[in-house]
Engineer: 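Below you'll find the structure I mean.
None of the values given here were measured: they were computed from a predicted structure.
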Amino acid sequence: MARSYSVYDVFTDRKLAGNPLAIIFDGDDLSDDAMQAIAREMNLSETVFVRPSANPAYTAKLRIFTPGRELPFAGHPTVGAAIALAEEAHGRDMTLDLVSVLEENVGPVRCAVRLRRGEASFAEFDLPKKSQQISMPLDKLGIANALSLKVTEIGFENHVPSIWSAGVPFLLVPVHDVGAATRLEFDPQLWEKTVPFVDGSLASAYVYCRAGMNHSAQFHARMFASDIGITEDPATGAAVAALSGAIHHFDRLPDGHHPITVEQGVEMGRPSFIHLHVDVDAGTISNARIGGQAVRIATGTLDL
């Protein structure tokens, strides 16, 4: 059976940057093992399979796979799939604003999509779950060794290593500056010996610091998850979703609206820009959204 697919570069407005995503449009009769095998074949950070939803109010149901396992939720597949489905339905040379709801294993995810003639499309989604801290003992020296950094380079201002999740848990590691983030060398064996398992899986590393190489970025980040087949990820929306809780907690964000841009993938030569919006009311996060642009770079068929 021929199955149509596209590849989009996500969290970027130009081709061959951002985080590539494979989208399989005819995924409704594929088994879990088949989807995992296709994700390994695609060998991208994530491959998303589009299925009809049982709920007619939802645009589609998504299954999201890394080369190593299925995820309940991920940011760049949500943004990329929302844009791809909108462009498939309405064309790529349209000026249109629309809202869609994508069913993911984490639950329904509401997305706003902006199509603009001659521009890269943009999508933004409400976090399906607010970021929550998971309190577990952490070995700061072990974390530093796993990143090949000095222990004094771990942390900045009020920020210390901590585990947060908005559907997928990450061990968020603040480092002193962009220089430390650029210089680090991730050791997966030391990481596995040092960090805890959360919900049955090894916590992935999301390393971040204040400021960025691009003047528009408030944070610079890198993500490593070799246990699920991702040596380094150019852009990780689920990690930024988790980071929203840490930013609010450590920076003590005042009530109001806070737009934040996180750059990632710079060291990989695939710069990505993830737009995070946090609304704080009465000292707590009332709403948080993640968005970014995406561009199609390939289409084809799978003969499966």
Engineer: I'd like to know whether F273 forms a side chain to side chain contact (heavy atoms under 4.5 Å, CB included) with Q264, so could you lay out the CA-CA distance, the side-chain angles of the two residues, the decisive distance to 0.1 Å, and finally the verdict.
Structural biologist: CA-CA 7 Å; F273 297 94; Q264 191 179 332; over 6 Å; no
Engineer: Check whether S286 reaches the backbone of D279 with its side chain - one donor and one acceptor, N or O, closer than 3.5 Å.
Structural biologist: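 Yes: the side chain of S286 pairs with the backbone of D279.
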Engineer: Any chance you could lay out the salt bridge (charged side-chain N to carboxylate O under 4.0 Å, His left out) test for D251 and R210, step after step, and finish with the verdict?
Structural biologist: CA-CA 11 Å; D251 286 350; R210 189 83 73 188; 2.9 Å; yes
Engineer: Is it true that a side-chain atom of E46 and a backbone atom of A22 form a donor plus acceptor pair closer than 3.5 Å?
Structural biologist: no
Engineer: Ring centres under 6.0 Å, that's the criterion: do Y208 and F156 meet it?
Structural biologist: yes
Engineer: Determine, using the 4.5 Å side-chain heavy-atom cutoff (strictly less than), whether L44 and L21 are members of one ILVMFWY cluster.
Structural biologist: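 L44 does not cluster with L21.
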Engineer: For S272, give me all partners under side-chain contact (heavy atoms from CB on, under 4.5 Å), at least two apart in sequence or on another chain.
Structural biologist: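 If we apply the side-chain contact (heavy atoms from CB on, under 4.5 Å) test to S272, skipping adjacent residues, the hits are F11, P234, A235.
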Engineer: Under 4.5 Å between side-chain heavy atoms, counting indirect links through other Ile/Leu/Val/Met/Phe/Trp/Tyr residues: same cluster for V109 and V101 or not?
Structural biologist: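 No, because V109 and V101 fall into different hydrophobic clusters, even though each may have its own neighbours under 4.5 Å.
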Engineer: Would you say the side-chain atoms of H248 pair up with the backbone N or O of V278, donor to acceptor, closer than 3.5 Å?
Structural biologist: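 Not confirmed, H248 side chain does not pair with V278 backbone.
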Engineer: Does the distance from a Lys or Arg side-chain N to an Asp or Glu carboxylate O, for R222 and E232, drop under 4.0 Å?
Structural biologist: yes
Engineer: Nearest heavy-atom pair of A74 and T78: which atoms, and what distance?
Structural biologist: O-OG1, 2.7 Å
Engineer: Ion pair present between K15 and D9, side-chain N to carboxylate O less than 4.0 angstrom?
Structural biologist: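 The answer is no: the pair does not qualify as a salt bridge.
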Engineer: Check whether I163 and V160 end up in the same hydrophobic cluster, where Ile, Leu, Val, Met, Phe, Trp and Tyr are linked by side-chain heavy atoms less than 4.5 Å apart.
Structural biologist: no
Engineer: Indicate the atoms forming the closest heavy-atom contact of S131 with A242, along with that distance.
Structural biologist: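 Distance-wise, the nearest heavy atoms are OG-O, 2.8 Å.
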Engineer: Treating E153 as the side-chain partner and V175 as the backbone partner, does any N or O pair qualify as donor plus acceptor under 3.5 Å?
Structural biologist: no
Engineer: Write down the atom of E267, the atom of M213, and the distance for their closest heavy-atom approach.
Structural biologist: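 Minimum heavy-atom contact is OE2-CE, 4.2 Å.
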Engineer: Kindly check if the number of other-residue, nucleotide or ligand heavy atoms within 6.0 Å of NE2 (H176) is above 12?
Structural biologist: no
Engineer: Within the structure provided, determine whether R289 and L127 are in side-chain contact (heavy-atom separation under 4.5 Å).
Structural biologist: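 No, every pair of side-chain atoms sits at 4.5 Å or beyond.
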Engineer: Check the angle between the aromatic planes of H159 and F219 and answer parallel, tilted or perpendicular using the 30° and 60° thresholds.
Structural biologist: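 If you compare the ring of H159 with that of F219, the planes turn out tilted.
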Engineer: Can you confirm if the aromatic rings of H277 and H258 lie within a centre distance of less than 6.0 Å?
Structural biologist: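 No: the rings miss the under 6.0 Å criterion.
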Engineer: Mind telling me whether H249 and W164 have parallel, tilted or perpendicular rings, with 30° and 60° as the class edges?
Structural biologist: tilted
Engineer: Step by step, would you call V50 with I23 a side chain to side chain contact (heavy atoms under 4.5 Å, CB included)?
Structural biologist: CA-CA 7 Å; V50 179; I23 304 164; 3.9 Å; yes
Engineer: Name the orientation class of the two ring planes belonging to F73 and F125 (parallel below 30°, tilted from 30 to 60°, perpendicular beyond 60°).
Structural biologist: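 Taking F125 first and then F73, their aromatic rings stand perpendicular (interplane angle over 60°).
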Engineer: Any heavy-atom pair between the side chains of R69 and T66 that's under 4.5 Å?
Structural biologist: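 In contact.
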Engineer: After noting the C-alpha distance and the side-chain angles of S165 and I134, does the key distance pass the side chain to side chain contact (heavy atoms under 4.5 Å, CB included) rule?
Structural biologist: CA-CA 7 Å; S165 175; I134 301 171; 4.0 Å; yes
Engineer: Hey, is CD on Q133 packed in by over 12 heavy atoms from elsewhere, all under 6.0 Å?
Structural biologist: yes
Engineer: If every non-hydrogen atom of A241 is compared with every non-hydrogen atom of S244, which pair is closest and at what distance?
Structural biologist: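 Closest heavy-atom pair between A241 and S244: O-OG, 2.5 Å.
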Engineer: Taking the side chain as every heavy atom from C-beta outward, state whether V113 and H90 have any atom pair closer than 4.5 Å.
Structural biologist: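 Of all side-chain heavy-atom pairs linking H90 with V113, none is under 4.5 Å.
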Engineer: Starting at CG of N145, measure out to CG of L141 and round the result to the nearest 0.5 Å.
Structural biologist: 4.5 Å
Engineer: Is the side chain of Q189 donor-acceptor paired with the backbone N or O of D187 at a distance under 3.5 Å, no angle test?
Structural biologist: no
Engineer: Is there a donor-acceptor contact under 3.5 Å linking the side chains of S201 and D199?
Structural biologist: no
Engineer: In sequence, state the C-alpha distance, the side-chain angles, and the governing distance for D33 and S31, and then conclude on side chain to side chain donor-acceptor pair (under 3.5 Å).
Structural biologist: CA-CA 5 Å; D33 287 345; S31 68; 5.4 Å; no
Engineer: Can you tell whether the side chains of R3 and D29 come within less than 4.0 Å, N to carboxylate O?
Structural biologist: yes
Engineer: Do V195 and L149 sit in one hydrophobic cluster, given that two such residues count as connected whenever their side-chain heavy atoms are within less than 4.5 Å of each other, even indirectly?
Structural biologist: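 Yes; L149 is reachable from V195 via cluster members.
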Engineer: Looking at E157, I'd like to know if its CD atom is crowded, meaning that more than 12 non-hydrogen atoms belonging to other residues, nucleotides or ligands lie closer than 6.0 Å.
Structural biologist: yes
Engineer: Is a donor from one side chain sitting under 3.5 angstrom from an acceptor on the other, for Y58 and E104?
Structural biologist: no
Engineer: To the closest 0.5 Å, what do you measure between CD1 (I290) and NE2 (H275)?
Structural biologist: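 Between I290 CD1 and H275 NE2, I get 11.5 Å after rounding to 0.5 Å.
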Engineer: Is any side-chain N of the basic residue among R114 and D97 closer than 4.0 Å to the acidic one's carboxylate O?
Structural biologist: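 Looking at D97 together with R114, the answer is no, because their closest N to O distance does not fall below 4.0 Å.
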Engineer: Mind checking whether P108 and E103 have side chains closer than 4.5 Å, heavy atoms only?
Structural biologist: no
Engineer: Can you find a heavy atom in the side chain of L171 that is under 4.5 Å from one in the side chain of L138?
Structural biologist: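 With C-beta onward as the side chain, the pair touches.
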Engineer: Could you walk me through whether L71 and V106 satisfy the side chain to side chain contact (heavy atoms under 4.5 Å, CB included) test, starting with their C-alpha distance in whole Å, then the side-chain angles of each, then the deciding distance to 0.1 Å, before giving a yes or no?
Structural biologist: CA-CA 9 Å; L71 297 177; V106 75; over 6 Å; no
Engineer: Between F25 and Y5, is the ring centroid distance below 6.0 Å?
Structural biologist: no
Engineer: I'd like to know if R51 pairs up with D26 as an ion pair, taking the criterion as any Lys NZ or Arg NE/NH1/NH2 lying under 4.0 Å from an Asp or Glu carboxylate oxygen.
Structural biologist: no
Engineer: Keeping the roles fixed (side chain from S148, backbone from E185), state whether a donor-acceptor pair exists under 3.5 Å.
Structural biologist: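 At least one qualifying donor-acceptor pair exists.
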Engineer: Does the E87 side chain pair with the main chain of D93, one donor and one acceptor, at a distance under 3.5 Å?
Structural biologist: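 Checked: no pair found.
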Engineer: Is the gap between the ring centers of F186 and W191 under 6.0 Å?
Structural biologist: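 Aromatic pair counts; centres sit under 6.0 Å.
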Engineer: If hydrophobic clusters are built from ILVMFWY residues whose side chains come within less than 4.5 Å, do V280 and L243 share one?
Structural biologist: yes
Engineer: So P161 and L172, do their side chains get closer than 4.5 Å, heavy atoms only?
Structural biologist: no
